Amino acid sequence: ANQTHRAGGRYALLRGMSPRRTAEAWLLGLGLCAVPASIALAEFLLGAALIFRIIALCRHREALFFPRAFWFWLAWAALELFAWARSPERSAGNGENRHLLLVGAVFLLVPALDYITDYVAVWRGIVIVATISSVVLIEHFFSRLFYYRGDLDPIMYLRGGGLLHHWMVYGTVEILVFVGLLELWRFYPEERWWLLPVFAINVVAILVSLTRMLWLCCLLILALHFVW
């Protein structure tokens with residue numbers, strides 16, 4: 001029985017979204033999994049998913065539904081838009097407005113993942129892609145540590161962003177990945193055989209990212225996880 005349980009835990013990593021899911025569900029899942037590797041690719045996939053989602057809603061194949069968190073975000077977005085409208089330099093906020101639209105699109109798309117197994121499969125994909133990015137960051141750190149001979153400040157040439165190429169973007173994404181890892185570790189103990197090395201790689205990457213805010217956020221999240 002124990003062998004069967006362990007085997008089930010190993011094969012759980014291979015279980016994912018059913019091929020019978022809609023096109024927008026697949027594109028949404030791939031777009032979210034692409035976030036730790038490329039924001040541009042993620043935006044492209046989410047945009048394609050949004051097109052399919054709007055078509056499905058127009059044809060009444062899907063009902064319009066927003067998660068409860070959407071209304072809190074909507075209030076925050078309204079405040080941002082109000083501040084932007086009052087700003088004398090509106091052009092400076094165009095990029096942030098695009099990000100607001102992207103987040104709103106995600107709220108519209110999330111109901112396309114209508115099974116718990118879909119959410120878990122997407123989180124597995126995010127964690128795996130983020131771990132690959134963390135490996136790239138670690139390699140960048142140690143290669144510069146041992147082989148760089150320039151005159152730049154160490155914080156400038158040691159700090160990297162993995163596949164995202166910028167330490168601030170990497171840090172923001174890694175905070176969410178760390179939360180996902182903690183929850184997978186908690187609710188899927190049969191998968192710890194692969195979560196343990198993934199955890200180790202991401203922790204090392206967090207340390208060598210040389211980003212204090214990332215360190216503090218992960219420590220706070222870990223403390224809340226134990227208290228909760």
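Note that the coordinates shown come from a computational prediction; the quantities given were computed from them, not determined experimentally. Numbering of residues begins at 1 and proceeds along the displayed sequence.
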Taking [Y] as the starting point, is it possible to reach [X] by hopping between hydrophobic residues whose side chains are less than 4.5 Å apart?
| X | Y | value |
| --- | --- | --- |
| Leu210 | Met168 | no |
| Leu196 | Val120 | yes |
| Val179 | Ile206 | yes |
| Trp185 | Leu222 | yes |
| Val122 | Val35 | yes |

Original post:
Hey, are Glu80 and Trp84 close enough side-chain-wise for a donor-acceptor pair under 3.5 Å?
Top reply: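 Absent: no donor and acceptor within the cut-off.
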Tell me, do [X] and [Y] make a side-chain contact under 4.5 Å, heavy atoms counted?
| X | Y | value |
| --- | --- | --- |
| Ser133 | Glu174 | no |
| Arg159 | His140 | no |
| Leu28 | Leu113 | yes |
| Ile128 | Val198 | no |
| Val110 | Phe66 | no |

Subject >> Whether Phe146 and Phe142 hold their rings parallel, tilted or perpendicular, with breakpoints at 30° and 60° >> reply: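 Ring orientation of Phe146 relative to Phe142: parallel.
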Original post:
Parallel, tilted or perpendicular for Trp73 and Phe107, by the 30°/60° rule?
Top reply: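 Ring orientation of Trp73 relative to Phe107: tilted.
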How close do [X] and [Y] get, heavy atom to heavy atom, and via which atoms?
| X | Y | result |
| --- | --- | --- |
| Leu137 | Ala205 | CD2-O, 3.5 Å |
| Ala77 | Leu100 | CB-CD2, 4.0 Å |
| Ile201 | Ser134 | CG2-CB, 4.0 Å |

**OP:** With Asn202 as reference, evaluate Ile138, Val177, Leu207, Val135 under the side-chain contact (heavy atoms from CB on, under 4.5 Å) test and give the passing residue.
**Re:**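 Passing option: Val177.
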Original post:
Is the backbone of Gly160 close enough, under 3.5 Å, to the side chain of Tyr170 for a donor and an acceptor to pair up by distance?
Top reply: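 No: the side chain of Tyr170 does not pair with the backbone of Gly160.
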Original post:
Okay, side chain of Thr211, backbone of Ser209: is any donor-acceptor separation there less than 3.5 Å?
Top reply: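 Looks like yes, one N/O pair under 3.5 Å.
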Spacing of [atom1] belonging to [X] relative to [atom2] belonging to [Y], to within rounding of 0.5 Å:
| X | Y | atom1 | atom2 | value |
| --- | --- | --- | --- | --- |
| Leu163 | Ile39 | CG | CD1 | 11.0 Å |
| Ile54 | Leu109 | CD1 | CG | 8.5 Å |
| Ser87 | Leu81 | OG | CG | 12.5 Å |
| Ile51 | Glu24 | CD1 | CD | 11.5 Å |
| Asn97 | Arg90 | CG | CZ | 10.5 Å |
| Leu45 | Leu50 | CG | CG | 12.5 Å |

**OP:** Show your reasoning for whether side-chain contact (heavy atoms from CB on, under 4.5 Å) applies to Leu182 and Phe199.
**Re:** CA-CA 9 Å; Leu182 287 174; Phe199 237 123; 3.6 Å; yes
**OP:** Check the pair Phe82, Arg86 against side-chain contact (heavy atoms from CB on, under 4.5 Å), reporting the backbone distance first and the verdict last.
**Re:** CA-CA 6 Å; Phe82 176 77; Arg86 301 278 295 178; 4.0 Å; yes
Original post:
So with a 6.0 Å cut-off around CH2 of Trp76, is the heavy-atom count from everything else above 12?
Top reply: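 Atom CH2 in Trp76 is not packed in, count stays at 12 or less.
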Original post:
Does Ile116 CD1 have over 12 foreign heavy atoms under 6.0 Å away?
Top reply: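 Open: at most 12 neighbouring heavy atoms sit under 6.0 Å from CD1 of Ile116.
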Subject >> Derivation and outcome, side-chain contact (heavy atoms from CB on, under 4.5 Å), residues Phe52 and Thr22 >> reply: CA-CA 9 Å; Phe52 280 99; Thr22 60; over 6 Å; no
**OP:** Show the numbers, then the answer: is there a side-chain contact (heavy atoms from CB on, under 4.5 Å) between Phe178 and Val127?
**Re:** CA-CA 9 Å; Phe178 189 75; Val127 165; over 6 Å; no
